[in-house]
Amino acid sequence: MSDVAIISGGGNGIGRCVALRFARAGIAVAIADADREGAAGVVEELAAAGAQARAYGVDVTRSEEIKDVVAQVRKDFGTVDILANLAGGTIHTKAVENLSWAEWREVLDVNLKGTFLFCREVAPLMMEQRRGRIVNTASNYGLTGCALRTPYSAAKAGVLGFTKSLAQELAPYGVLVNVVAPGPTDTPRVLAHAAPGSREAWKPLIPMGRTGQPEDIAEGFYFLVSPENTYITGYTLNVNGGLVMN
C-alpha cells in the first residue's frame with residue numbers, strides 16, 4: 001500500500017511541486033488548501049499522470065476544519081503517513097510601529113498556528129501506528145530575521161522551535177519531525193509581487209549565484225520523508241544555495 005501524505009498549501013508554488021515530487025515516488029497525495037480551485041487543478045495534473053490524489057478545502061487557522069480534513073483523508077485513503085505543512089506567507093511588509101495587532105496575529109496564525117493545528121491532529125494517528133513523517137516549513141528569515149517582516153520572521157522562528165520540541169515528543173514512537181527552511185524562491189506568487197530588480201539583487205548574496213526554484217525545495221521535502229531517512233529528526237534543512245549555513 002502506498003504511503004499517504006497530507007500537503008497543506010499544496011495548491012500552488014512550492015506546495016504544488018512537493019505534491020508532484022511525492023506522487024512521482026508513488027505517494028498518495030491529499031492536497032489541503034484555502035485555494036480550492038488551485039488544489040483541484042493540481043489534483044487534475046496528478047491524476048493525468050496516474051497518481052492517487054484528492055483535494056480538500058481548508059482554512060489552516062480553524063481547528064474544526066483541520067479536524068474535518070484529517071478525518072476525511074483517513075476515510076478516503078485509510079491512513080496518514082506523512083504531513084507536509086506548507087501553508088503560510090508573509091502577507092504584510094511593514095515597519096513594526098505601523099503593524100496592528102490584528103496584522104501581527106494574522107501572519108502568526110497562518111504560519112505558526114496552522115502548523116501546530118495540523119501537527120496536533122495527525123500526531124496521535126502516527127503515534128498509534130508507531131511511524132510517520134512530519135515536515136514543517138520555516139524560512140531563512142526564521143534564522144536571520146528580516147526588517148519589515150517581523151511577524152513572519154517570528155512565526156518562522158516559532159516553527160523551528162516547535163519542530164525541535166515535537167521531534168523530541170514523537171521520537172519514541174518512530175515519528176520523525178523535521179523542517180525545511182527555503183531561501184529566496186521563485187514561486188509564481190513571489191514573482192508576481194516582487195519589486196523590479198529584487199530577484200537579481202539576491203544573486204550576489206547567494207554563493208550558488210541564483211535564487212531557488214520550487215523544485216529545489218521539493219527535493220528537500222522528499223528526502224526527509226523518503227525511506228532513506230530513518231534517523232534524522234529535529235533537523236532544519238536549509239535549502240537556499242548557501243545563503244544561510246548552519
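Because the structure is a prediction, the values reported are computed rather than measured.
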Asks: Going hydrophobic residue to hydrophobic residue with side-chain gaps under 4.5 angstrom, can you get from I134 over to L224?
Replies: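 Shared cluster, no.
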Asks: For the residue pair P182 and A138, what are the closest heavy atoms and their distance?
Replies: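 So the minimum-distance heavy-atom pair works out to CD-O, 3.5 Å.
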Asks: Examine V239 and Y222 and state if one hydrophobic cluster contains both, with Ile, Leu, Val, Met, Phe, Trp and Tyr joined whenever side-chain heavy atoms are less than 4.5 Å apart.
Replies: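 V239 and Y222: one cluster.
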Asks: Between N136 and T115, do the side chains contain a donor N or O and an acceptor N or O under 3.5 Å apart?
Replies: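 No - no donor-acceptor pair under 3.5 Å links their side chains.
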Asks: Passes side chain to side chain contact (heavy atoms under 4.5 Å, CB included), V122 versus V70? Steps please.
Replies: CA-CA 7 Å; V122 304; V70 173; 4.2 Å; yes
Asks: Give the minimum heavy-atom separation between D186 and Q213, together with the two atoms involved.
Replies: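 Closest approach of D186 to Q213, heavy atoms only: OD2-NE2, 3.0 Å.
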Asks: Decide yes or no for T211 and I206: does some side-chain heavy atom of the first lie under 4.5 Å from some side-chain heavy atom of the second?
Replies: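 Side-chain contact under 4.5 Å: yes.
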Asks: Please find the pair of heavy atoms, one from V177 and one from A167, that lie closest to each other, and give the distance.
Replies: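 Scanning both residues completely, I find the closest heavy atoms to be O-CB, 3.6 Å.
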Asks: Would you find a donor on one side and an acceptor on the other, under 3.5 Å apart, between the side chain of S153 and the backbone of G142?
Replies: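 No, the answer is negative, given that no donor and acceptor are paired below the 3.5 Å cut-off.
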Asks: Take atom OH of Y173 as the centre, draw a 6.0 Å sphere, and report whether it contains more than 12 heavy atoms from other residues, nucleotides or ligands.
Replies: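 No, because the 6.0 Å sphere around OH of Y173 holds 12 heavy atoms or fewer from other groups.
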Asks: Ignoring hydrogens and angles, tell me if any N or O in the side chain of N240 forms a donor-acceptor pair with the backbone of G183 under 3.5 Å.
Replies: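 The answer is no, because no donor-acceptor pair under 3.5 Å joins these two groups.
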Asks: If you take all heavy atoms of K203 and R210, which pair is closest and at what distance?
Replies: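 Closest approach of K203 to R210, heavy atoms only: CG-CA, 4.1 Å.
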Asks: Within a reach of under 6.0 Å around NZ of K164, are more than 12 heavy atoms found that belong to other residues, nucleotides or ligands?
Replies: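 Check fails, neighbour count at 12 or below.
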Asks: Taking atom OG of S226 and atom CD of E219, what is their separation to the nearest 0.5 Å?
Replies: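 Output value for this atom pair is 10.0 Å.
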Asks: Give a yes or no on whether I7 and L117 share a hydrophobic cluster (residues Ile, Leu, Val, Met, Phe, Trp, Tyr; joining criterion: side-chain heavy atoms under 4.5 Å apart).
Replies: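 Shared cluster, no.
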Asks: Taking a hydrophobic cluster as the set of Ile, Leu, Val, Met, Phe, Trp and Tyr residues connected by side-chain heavy atoms closer than 4.5 Å, whether directly or through intermediates, do L112 and I14 fall within one such cluster?
Replies: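 L112 does not cluster with I14.
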Asks: How far apart are the C-alpha atoms of K113 and L108, what are their side-chain angles, what is the distance that settles it, and do they pass the side chain to side chain contact (heavy atoms under 4.5 Å, CB included) test?
Replies: CA-CA 6 Å; K113 180 182 178 181; L108 263 69; over 6 Å; no
Asks: For the atom pair CZ (R149) and OG (S139), what is the distance rounded to the nearest 0.5 Å?
Replies: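 These two atoms lie 9.0 Å from each other.
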Asks: Salt bridge or not for K75 and D68, using N-O below 4.0 Å?
Replies: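 Salt bridge between K75 and D68, a charged N being under 4.0 Å from a carboxylate O: no.
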Asks: Using modelled atom types and a 3.5 Å cut-off, is there a donor and acceptor pairing between side-chain atoms of E65 and backbone atoms of V58?
Replies: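 Pair absent, no side-chain N/O of E65 close to backbone of V58.
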Asks: Can D35 and E37 be said to form a side chain to side chain contact (heavy atoms under 4.5 Å, CB included), step by step?
Replies: CA-CA 6 Å; D35 179 2; E37 290 185 5; 3.8 Å; yes
Asks: Is the shortest side-chain N to carboxylate O distance from K67 to E64 below 4.0 Å?
Replies: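 No, this pair does not count.
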Asks: Rounded at 0.5 Å granularity, tell me how far OG1 in T150 sits from OH in Y141.
Replies: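 The OG1 atom of T150 sits 12.5 Å away from the OH atom of Y141.
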Asks: Is there a side-chain contact between N140 and N238 (heavy atoms, below 4.5 Å)?
Replies: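 No, side chains not in contact.
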Asks: Residues in side-chain contact (heavy atoms from CB on, under 4.5 Å) with S165, at least two apart?
Replies: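 S165: no side-chain contact (heavy atoms from CB on, under 4.5 Å) contacts found.
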Asks: Can you tell me how far the CZ atom of R199 sits from the CG atom of L191, to the nearest 0.5 Å?
Replies: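 Result: 6.0 Å between the selected atoms.
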Asks: Do F118 and V175 belong to the same hydrophobic cluster, where Ile, Leu, Val, Met, Phe, Trp and Tyr are linked whenever their side-chain heavy atoms lie under 4.5 Å apart, directly or via other members?
Replies: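 F118 and V175: one cluster.
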Asks: Determine the minimum heavy-atom distance between I27 and A5, stating which atoms define it.
Replies: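 In this case the closest contact between I27 and A5 is CG2-CB, 3.7 Å.
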Asks: How long is the gap from CG on L86 to CG on N111, to the nearest 0.5 Å?
Replies: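 Atom-to-atom, L86:CG and N111:CG are 11.0 Å apart.
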Asks: Would you mind checking if E215 and R21 are paired as a salt bridge, meaning a charged N to carboxylate O distance below 4.0 Å?
Replies: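 So R21 does not pair with E215 through a salt bridge.
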Asks: Under a plain distance cut-off of 3.5 Å, with no hydrogens placed, do R120 and S63 share a side-chain donor-acceptor pair?
Replies: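 Result is yes, a qualifying pair exists.
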Asks: Could you state the interatomic distance from OG1 (T233) to CG (L176), rounded to the nearest 0.5 Å?
Replies: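 Output value for this atom pair is 5.0 Å.
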Asks: Do T79 and F77 make a side-chain contact, defined as non-hydrogen atoms from C-beta onward lying under 4.5 Å apart?
Replies: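 A side-chain contact is absent here, since even the closest heavy-atom pair is not under 4.5 Å.
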Asks: Compare every heavy atom of E121 with every heavy atom of L125, then report the nearest pair and how far apart it is.
Replies: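 What the structure gives for the nearest pair is CG-O, 4.0 Å.
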Asks: For Y235 and L237, run side chain to side chain contact (heavy atoms under 4.5 Å, CB included): C-alpha distance rounded to whole Å, both residues' side-chain angles, the deciding distance at 0.1 Å, then the answer.
Replies: CA-CA 6 Å; Y235 182 68; L237 180 60; 4.0 Å; yes
Asks: Report yes if some heavy atom in the side chain of I31 is under 4.5 Å from a heavy atom in the side chain of L46; otherwise report no.
Replies: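 They are in contact (side-chain heavy atoms under 4.5 Å apart), so the answer is yes.
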Asks: Mind checking whether P151 and E103 have side chains closer than 4.5 Å, heavy atoms only?
Replies: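 In short, these two side chains do not touch, never coming nearer than 4.5 Å.
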Asks: For residues N85 and C119, determine if any side-chain heavy atom of one lies less than 4.5 Å from a side-chain heavy atom of the other.
Replies: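 Sidechains of C119 and N85: in contact.
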Asks: If we count only N and O atoms by modelled type, under 3.5 Å, do the side chains of Y56 and D33 hold a donor and an acceptor together?
Replies: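 No pair is found: no donor N or O on one side chain lies under 3.5 Å from an acceptor on the other.
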Asks: What orientation do F116 and F162 show, parallel under 30°, tilted 30 to 60°, or perpendicular over 60°?
Replies: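 Correct class here is perpendicular.
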Asks: Taking the side chain as C-beta and beyond, is there a heavy-atom pair between T185 and D216 under 4.5 Å?
Replies: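 No, side chains not in contact.
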Asks: Quick one: do D3 and R131 make a salt bridge, cutoff under 4.0 Å?
Replies: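 Counted as a salt bridge, because a side-chain N and a carboxylate O are separated by less than 4.0 Å.
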Asks: Taking CZ in R24 as the centre, count heavy atoms belonging to other residues, nucleotides or ligands within less than 6.0 Å. Is the count above 12?
Replies: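 Above 12, so yes.
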Asks: Are N178 and N229 side-chain neighbours, meaning at least one heavy-atom pair lies under 4.5 Å?
Replies: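 In short, these two side chains touch, coming nearer than 4.5 Å.
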